[in-house]
Amino acid sequence: MNRRRQVYEGKAKVLFEGPEPGTLVQYFKDDATAFNNQKKGTITGKGVLNNHISEYIMLRLEEIGIPTHFVRRLNMREQLIREVEIIPVEVIIRNTAAGSICKRLGIVEGTVLPRALIEFSYKDDDLGDPLVGEEHITTFGWATHQELEDITSMSFRINDYLCGLFMGIGIKLIDFKVEFGRVYEDDHQMHLVLADEFSPDNCRLWDVETNEKLDKDRFRRELGGEAEAYQEVARRLGVLPESGPGDPKGSEAVQ
Ligand code: TMP
């Protein structure tokens, strides 16, 4: 992976120049952070697992008509993606109260919400990704009214579909965070695509029977067993790599 020029390094991923213009290689690290980088650690094998889990989810979403940045998985830790102009808004969908909404509004964790709730936060680490309303997004020009409408309908569609997908493997989708980006076609037409990743790093997954947490909350709350939880999600989705998630680099091409 060192052969390519690095264009961006985030907390859990690195982006490298892709083989063709308009593409990037997204490399998944084992690094984990929480509380806006205040807590740092590693979850052994997380990058390999998230690469496979996110590939699987993006492919399923493409099948139901959600455009994504995903092109193909390259190897254990890397996937080829389309380069997008990222919209600086994190979209959060909640089905059950957990995490920040419990603190903010005094709701008991585990309370099933009367309907799926959408929230937005402004993507800015220095500000701690503050919660914002639609008015802020359009007033400051982070997205247009039309884009926000499209983002909202795609996010609820993703939620409806993934609630069913996870329920089928005995997992409740409690909440998740997604990001969208703009892609410009050759004719300058723009369209929105789902970007970033979908993995246990950015959603909450509880076992249907036991309510056991199978996501990054194990790391955030120091519950232990985070690597095993990510492996369990991959195993239930049928994407646990045969060579095992502990693969140290895994950057050789698979196809
Ligand atoms: P929250 O309850 O902390 O607001 O998180 C809501 C969802 O968003 C949860 O599934 C975790 C995810 N999330 C991220 O992906 N990145 C973040 O920086 C934060 C704070 C949450």
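Predicted model only: the values in this text are computed from it and were never measured. Counting starts at 1 for both ligands and their atoms, following the listed order.
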Please indicate whether Arg221 has more than 12 foreign heavy atoms, meaning atoms of other residues, nucleotides or ligands, lying under 6.0 Å from its CZ.
-> yes
Heavy-atom pair with the smallest gap, counting every atom of Lys13 and Gln26 | CE-OE1, 3.3 Å
Best match, Arg104, Arg204, Lys177, Arg220: closest heavy atom to atom 6 (C) of ligand 1 = Arg204
For ligand 1, which atoms sit closer than 4.0 Å to a heavy atom of Asn202?
-> 10 (O), 12 (C), 15 (O)
Closest to atom 18 (O) of ligand 1 among protein heavy atoms sits Asp129 OD2, 4.0 Å
Closest non-hydrogen atom pair, Asn36 against Asp125 = ND2-O, 2.6 Å
Between the NE2 atom in His69 and the CG atom in Leu80, the distance rounded to the nearest 0.5 Å is 10.0 Å
Using heavy atoms and a threshold below 4.0 Å, how should the contact between Arg94 and ligand 1 be classified: side chain, backbone, both, or neither?
-> side chain
Counting each atom of ligand 1 from 1 as listed, which ones have a heavy atom of Ser100 under 4.0 Å away?
-> 1 (P), 2 (O), 3 (O), 4 (O)
Looking only at heavy atoms, what is the nearest atom pair of Phe16 and Arg4, with distance?
-> CD2-O, 3.4 Å
Student check: side-chain heavy atoms of Leu240 and Leu49 closer than 4.5 Å = yes
Is there a side-chain contact between Lys216 and Glu226, using heavy atoms and a 4.5 Å cut-off?
-> no
For atom 17 (C) of ligand 1, closest protein heavy-atom neighbour = Glu90 OE1, 4.3 Å
Numbering as shown, the atoms of ligand 1 that approach Gly99 to under 4.0 Å (heavy-atom distance) = 2 (O)
Sub-4.0 Å heavy-atom approach of Ala98 to ligand 1 | yes
Looking at atom 7 (C) of ligand 1, what's its closest protein heavy atom, distance included?
-> Asp175 OD1, 3.7 Å
